[in-house]
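Take a look at the structure set out below.
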Amino acid sequence: MKITAQLALSQMKVNKKRTIAGIFAIALATSLITTVMCFVTSANKMLTDFLGSDYGEYGGAYSLMLAIPALLLGLLIAAMSITVISNIFSASANKRIQEFGILKCVGATGRQIRASVIYESLWLSLTAIPLGLIAGTILGYISVKFTGHFISDINDAAKKIIMRPFTFSLPFHISVWTYLFAGVFSFCIVLFSAYRPAKKVGKFTAIQCVKGIGAGTVLKEIQVKDSFIQKIFGCESAIAYKNMKRNKYGYKATIRALSLGILLFLLTGGLSGQAKEFQEWMTPKSKEMMVDYSSNYDIEVNAKTGKEERKISRPVTSDQYNEITQKLEKYGIDVYGVGADTFTYKALLDKNTLTEDMLQVPKFSDDNRETRTEIVSVDDELYKKLCDRAGAEYGSILLLNTYQYNDNGEYVSIKPFKDDVTQISLINAANEKNTLTIGGILEQSDLKEYGFLEMTPYPVRIVVPDADARSFDWFSMPSDEDDYTEYARSVMDEYFPIVAEDSYVEQGYTVRIARTDAMIKMLNIAIVLAEIVMYGFVILLILMGFTSVISTLTTNIRIRSREFAVLKSVGMTNKSLCRMLYSESIFCVLNALVPGVILGIAIPFLINLSIRKAFPVLYHIPWAALFGGIFVLIGIVFFITRTEIHKLRDKSIIDEIRMDIV
C-alpha cells in the first residue's frame, strides 16, 4: 500500500468525528440518488405493464415525464452533495495543514499531498457508498410503497369516473442498473469534491502550511472598515467582522449551506402556497352527481375560406338529451342537463354593445375580429325556467351576460354586454353569417345551476332552444350514489354503449359518471403526493446541508483554538470570546440570508409567471416559511457555536499556544 494511502487511512482513524461526518454525507448523497433511481425504475415498470414496452402511442411524452424530474432531482442532489462533501474535505485539509507542511519539509511533493486527500475520499467511498445503496434501497422501497398508496386512491377515483374501469399500480422494482448508476454517480461526486480542496492545499509552500494557512486563505492584506460595527455592537463584534472578511473563504462553505437551507425553505413554501391556491380555485362548490357525454371531433380546413374548422363526430341531439333527462328522472330525483357547442360559430361583436369592462379585456377577439362563442343547450324543463327568469317568451334566444377570465393570475368576472343589446351576429368557418335576435338576458345571479359554472367560460354565451351539442352533462343529487351510478350506466348504454377500449378514439365519444368533485379529488391526490415527495427530498437535502454547517463551523472553531488562546492571554475574557463567536454566527446567517432569500423568492416567482398565464394563481411570499427558516438557522448555528465554546473553556491557554500537532 502506498504511503499516501496509509497516511489517509491513519488520519481517518485518528479523526473519527470527521470521518463519521464524511461517511454520513456520502452515504446520504448515495441514498438520495438511489431513491430517485428506484422511483424511475418502478415508474417505468408501471408504465410498461400498463402501456407496453414502448409506452404506446405517446411513448416520447411519457419518457420525458420520467426523465425530466429525475434529471432535475439528480442535478439538485449533485449540487448539494458536491457542496457538502467538498466542505468536509476542505475542513479536513485545513485541520491537517500543518501536517502537510511538515511532510513537505521532509520531501513530500504537492502531488503526494493531493494524493493523500484523494485517498481519503477513496477510503470513505468504500464504506459510505455501499451503506448509501442499502439505505437508498430501503428508503426507495418505503417511498414507492407510500406513493403506491396514493396511486391506489387515484385508481379508485378513476374507476368511479370512467365507464370502462382500468387498474394500474406502482410496484417496487429495481435492477442492476439502479445500483450501477447510483454507485458511479456518487463515486464521481466524491472524487470531484475531494479534488478541489486537494488541489488548493497542494499549491501551498511548506512554510505557509507550517504557519497554519488554510486552503483558500487570503494572503494579501485586506482593509476592513469596522468602526460603525464597533460603535453599535462593541469591539467583539468588530473583531468578528474582521475575521469574517479576512477569512471569507473559511466561512464560505457555511454561508453557502445556510443560503441553500433558507432557499429550500422559501422554495417549498412558495410552491406549496401556489398549489394550495390552485386547489382552492379548482374545488367545485357543488357535490352533484354528473353524467357526462362528450363527442370527438376532427380538425379540417375549410376549402373556401382557409379557416380551421372542427367537425363534431357524434353530436348529441336535442331529442336524445331530453329523452335521457326524462329517463334519469325516473330514478326518483330531479335532473337537469346543460350542454355546449363551442366549435361551430364565432361572434362578430359591435363594440357599441360592449361594456367598458369588456373593452378592457386583452385579446377577446382574434385577427379576424371574431370572438369565441358558446352555443348552450339545456333540457326543456330547465329552458322554461331560464325563460321565466329572463322574462322572455318560450322559444327565445337567451344571452348569458357574464364572463369570467384569468387576468394574469387574477380571476375576473364581468358583464360583457350592455343591457340594451338586441342582436348578435354569428359566423362559421365558411363565412356564413347568422344574426340572432336576443329575447332575454340572464345575469350571473340568474344562473343558479352548477352546470353553468362548470362550463368553460367564453366571452359570448347564448342559450339556443333545441340545439345539438358536442358535450352534455346531466346533474342530480341522488341519496345513494353507487346505486344511481349503476342506473345511469344502464340508461347511457341504451344511447351510447361503450364497446371499445378507447371509445373516445374508436367510437367517437366517451361517457363518464361521477361526482362533480371526483376529478378534483384525483388532482388533489396528485398534488398532495407531489408535495410529500418534494418535502421528503427537501428535508433530506436540508439535513445534508446542515451536515456541512456542523462540520465547517466546528472545524473552523477548533482549528482556531491557538488564536483564541492568544486572545485570552492578552486579556480577552471568556464572555468576550463568546460574544465574538456568536457575532460571527450572526454575520454568517446575515450573509446567507441575502442570496438565499433573493433566490428563494425569485425561483418560485419565475415559475409562477408561466402558471399565472393559464390559471388565476398568484405568488405570495411565504412569510411563515421565511421567518421559520431564519429561526431554525439561527437556532442551529447558535447551538453548534455554544457546544464548541463549552469545549474551549476547559482547555489550557499554555497547551493551546504550543505548536504540538495532534
Polar side-chain atom of [X] near backbone of [Y] as donor-acceptor pair, under 3.5 Å:
| X | Y | result |
| --- | --- | --- |
| Asn608 | Pro604 | no |
| Asp493 | Pro497 | no |
| Ser42 | Cys38 | yes |
| Ser272 | Thr268 | yes |
| Asn401 | Phe417 | yes |
| Ser295 | Arg314 | yes |
| Asp350 | Thr353 | no |
| Asp379 | Gly337 | yes |
| Asn406 | Gly409 | yes |
| Thr435 | Ser425 | no |

### Message
Please identify which of these residues, Asp341, Thr317, Ile312, meets the side chain to side chain contact (heavy atoms under 4.5 Å, CB included) condition with Asp468.
### Response
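Exactly one pass, corresponding to Thr317.
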Which heavy atom of [X] sits nearest to which heavy atom of [Y], and what is that distance?
| X | Y | result |
| --- | --- | --- |
| Gly270 | Pro622 | N-CG, 3.6 Å |
| Gly600 | Leu266 | O-CB, 3.6 Å |
| Ser313 | Gly508 | CB-O, 4.2 Å |
| Gln274 | Val617 | O-CG1, 3.6 Å |
| Ala390 | Leu398 | CB-CD2, 4.1 Å |
| Asp446 | Ile441 | OD2-O, 4.4 Å |

Salt bridge or not for [X] and [Y], using N-O below 4.0 Å?
| X | Y | value |
| --- | --- | --- |
| Lys307 | Glu309 | no |
| Glu288 | Arg515 | no |
| Glu449 | Lys385 | no |
| Asp366 | Lys346 | yes |
| Glu308 | Arg310 | yes |

For residues [X] and [Y], determine if any side-chain heavy atom of one lies less than 4.5 Å from a side-chain heavy atom of the other.
| X | Y | result |
| --- | --- | --- |
| Tyr336 | Val378 | no |
| Asn322 | Asp380 | yes |
| Val376 | Ile462 | no |
| Asn431 | Lys304 | no |
| Leu271 | Tyr619 | no |
| Arg470 | Tyr297 | yes |
| Thr373 | Phe343 | no |
| Leu618 | Glu410 | yes |

#### Entry: Derivation of the side chain to side chain contact (heavy atoms under 4.5 Å, CB included) call for Glu443 and Lys415
CA-CA 8 Å; Glu443 309 292 346; Lys415 290 173 55 176; 3.4 Å; yes
### Query
Angle class for the Phe472/Trp474 ring planes (parallel below 30°, perpendicular above 60°, tilted otherwise)?
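Phe472 vs Trp474 ring planes: tilted.
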Spacing of [X] atom [atom1] and [Y] atom [atom2] [to the nearest 0.5 Å]:
| X | Y | atom1 | atom2 | result |
| --- | --- | --- | --- | --- |
| Arg461 | Ile375 | CZ | CD1 | 11.5 Å |
| Lys351 | Leu354 | NZ | CG | 8.5 Å |
| Thr402 | Ile414 | OG1 | CD1 | 8.5 Å |
| Trp177 | Thr41 | CH2 | OG1 | 13.5 Å |
| Leu447 | Tyr450 | CG | OH | 14.0 Å |
| Ile601 | Leu606 | CD1 | CG | 11.5 Å |

#### Entry: Distance-only side-chain donor-acceptor flag, Asp357 / Tyr403, under 3.5 Å
no
Over 12 non-hydrogen atoms of neighbours within 6.0 angstrom of [atom1] in [X]:
| X | atom1 | result |
| --- | --- | --- |
| Tyr487 | OH | yes |
| Tyr293 | OH | yes |
| Glu393 | CD | no |

### Task
Take Gln404 and Val412 through the test side chain to side chain contact (heavy atoms under 4.5 Å, CB included) and record every step on the way to the result.
CA-CA 6 Å; Gln404 296 83 28; Val412 180; over 6 Å; no
### Task
With side chain to side chain donor-acceptor pair (under 3.5 Å) as the test, would you mind laying out the steps for Ser476 and Tyr484 before giving the verdict?
CA-CA 10 Å; Ser476 59; Tyr484 174 74; 3.2 Å; yes
### Task
Verify side chain to side chain contact (heavy atoms under 4.5 Å, CB included) between Glu277 and Phe615, making sure each step is shown before the conclusion.
CA-CA 10 Å; Glu277 192 169 332; Phe615 306 103; over 6 Å; no
### Query
Is there a side chain to side chain donor-acceptor pair (under 3.5 Å) between Asp466 and Tyr383 once you walk through the steps?
CA-CA 10 Å; Asp466 300 326; Tyr383 175 70; over 6 Å; no
### Message
Working note: Phe452 + Leu442, criterion side chain to side chain contact (heavy atoms under 4.5 Å, CB included); need CA distance, chi angles, decisive distance, verdict.
### Response
CA-CA 12 Å; Phe452 294 106; Leu442 293 168; over 6 Å; no
